[in-house]
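Letters go in sequence order (proteins before strands), and every chain restarts at 1. Since this is a predicted model, take the numbers as computed values, not measurements.
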Amino acid sequence: MKIATWNINGVRARIDALVAWLKESNPDIACLQEIKTVDEGFPRAELEALGYHVETHGQKGFNGVAILSRLKPDEIIRGLPGDDEDLQSRFIEGVFSVKGGAIRVCSIYLPNGNPTGTEKYSYKLAWMERLRVHAEARLRLEEPLILAGDYNVIPEPHDCWDVKIWENDALFLPPTRNAFRKLENLGFTDAVRATNDTTPLYTFWDYQAGCWPKNFGIRIDHLMLSAEALDKIVSTSIEKHVRAWEKPSDHVPVIGEFAFEAA
DNA sequence: ATGGTAGACCCTCTA
């Protein structure tokens with residue numbers, strides 16, 4: 001079973017690329033971020049025509065997340081618990097029945113946090129703490145749990161092309177990486193690093209300043225696995241070729257292949 | 001010289 005994450009930077013601008021990628025890679029579950037539309041504006045018919053169930057948590061103009069799935073979800077939770085005042089659409093969670101039980105998959109669009117030293121950065125850190133609290137509660141279910149998404153976190157120096165450029169950025173500052181490490185310390189494993197060595201791997205190349213042709217990228221899109229999900233991981237792939245497509249997102253999909261079977 | 005691009009959308013914000 002293939003479970004993927006992709007920040008598509010606007011689902012309506014990216015529908016042709018999304019359909020082409022789904023046909024090519026055929027993921028069983030695709031977590032999307034930055035759909036940048038309200039639920040009613042989501043191009044669901046094109047995706048249902050490919051055999052996907054479509055669950056969205058949209059927002060006008062910014063943010064917004066979705067889960068596409070071959071299996072019909074048993075349950076969907078919209079919004080990250082822990083702050084009723086937070087109106088930004090950055091989290092959706094689905095439960096799916098597989099042979100032997102259930103798996104739980106979350107599509108996460110973690111706040112960027114720049115500029116640092118502002119309420120945007122404190123919002124990022126507060127959001128990461130809410131994610132940690134929610135993830136800790138979900139771990140007690142002892143299910144395969146996959147937290148998939150755009151974390152806006154560069155975990156290690158070798159996950160960016162030049163650490164000097166990023167060392168003071170909200171994506172790399174020590175409090176950001178410490179909060180990410182706290183999530184790992186709960187018992188989550190970075191699927192790409194569990195299946196690859198420490199060579200540089202990127203999932204995002206800025207549109208600006210020729211970052212893509214120069215391979216000036218960063219790795220910020222992650223599949224974080226509970227122990228029960230890590231037991232089932234077979235391989236991962238970063239779909240780098242998608243960045244070279246016409247009208248690309250600035251992020252590429254990350255796919256995990258798991259030894260789950262449909263119920 | 002403080003650049004450069006992209007998406008959504010009311011013209012400026014977010015990234």
Side-chain angles (χ1 to χ4, degrees), chain A residues 5-21 30-44 46-47 56-66 79-80 86-91 107-128 131 148-155 159-162 164-173 175-177 179-180 202-222 239-254:
Chain A
T5 182
W6 190 14
N7 179 323
I8 48 170
N9 190 20
V11 69
R12 287 183 292 182
R14 212 72 60 216
I15 186 61
D16 291 347
L18 177 57
V19 167
W21 174 69
C31 297
L32 305 179
Q33 300 88 36
E34 279 205 276
I35 63 174
K36 293 187 173 180
T37 175
V38 292
D39 296 336
E40 302 74 52
F42 195 94
R44 65 168 48 238
E46 290 90 327
L47 306 173
T56 62
H57 183 43
Q59 182 181 334
K60 187 178 179 182
F62 308 109
N63 305 324
V65 287
L80 180 64
D86 183 3
L87 300 177
Q88 298 190 32
S89 296
R90 296 177 172 276
F91 182 92
S107 180
I108 289 169
Y109 180 45
L110 207 144
N112 177 291
N114 283 304
T116 59
T118 69
E119 69 289 342
K120 286 183 187 288
Y121 192 57
S122 51
Y123 173 69
K124 176 179 192 149
L125 294 180
W127 205 96
M128 293 183 84
L131 178 63
D150 175 1
Y151 279 73
N152 273 310
V153 175
I154 299 166
D159 292 315
C160 66
W161 60 275
D162 184 352
K164 283 282 167 215
I165 299 291
W166 292 96
E167 61 186 354
N168 294 315
D169 193 277
L171 279 59
F172 191 75
L173 279 179
T176 302
R177 289 187 292 141
F180 187 78
Y202 307 136
T203 64
F204 168 94
W205 295 260
D206 202 296
Y207 290 121
Q208 303 184 66
C211 284
W212 167 244
K214 290 185 281 197
N215 196 31
F216 288 175
I218 56 178
R219 192 176 72 92
I220 55 175
D221 300 272
H222 309 301
E239 301 282 280
K240 186 173 178 179
H241 66 286
V242 173
R243 187 64 177 75
W245 286 2
E246 201 165 320
K247 238 167 97 69
S249 170
D250 40 5
H251 297 250
V252 298
V254 179

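- Separation of the C1' atoms belonging to B:dG3 and B:dA8 is 23 Å when rounded to the nearest angstrom.
- Rounded to whole Å, the C1' atom of B:dA15 lies 13 Å from the corresponding atom of B:dG4.
- Partners of A:N112 under the side-chain hydrogen bond (donor to acceptor under 3.5 Å, both in side chains) rule, at least two apart in sequence or in another chain, are A:N114.
- Close placement of the A:W21 and A:W6 rings is indicated, their centers lying within 6.0 Å of each other.
- Below 30°, between 30° and 60°, or above 60°: for A:W212 and A:W205 the angle between ring planes is above 60°, a perpendicular geometry.
- Distance alone, capped at 3.5 Å, places no donor-acceptor pair between the A:H251 side chain and the A:I220 backbone.
- Look at the C1' atom in both B:dA6 and B:dC11: the space between them is 16 Å, to the nearest Å.
- If you walk DNA chain B from 5' to 3' and mark each nucleotide with an atom closer than 4.0 Å to a heavy atom of chain A, the marks span B:dG4 to B:dA15.
- Applying the side-chain contact (heavy atoms from CB on, under 4.5 Å) test to A:Q88 and every residue at least two apart in sequence or in another chain returns A:Q59, A:N63, A:D86, A:R90, A:Y123.
- Taking the C1' atom of each, B:dC9 and B:dC13 are spaced 10 Å apart, rounded to whole Å.
- Heavy-atom distances to DNA chain B give each of A:K247 and A:R90 a nearest nucleotide, and the one nearer the 5′ end belongs to A:K247.
- Along DNA chain B, the nucleotide closest to A:R12 and the one closest to A:F62 are compared, and the more 5′ of them pairs with A:R12.
- As judged by a 4.0 angstrom heavy-atom cut-off over every strand, A:Y109 is placed among residues touching the sugar-phosphate backbone only.
- In this structure, a donor-acceptor pair under 3.5 Å is present between the side chains of A:D39 and A:T56.
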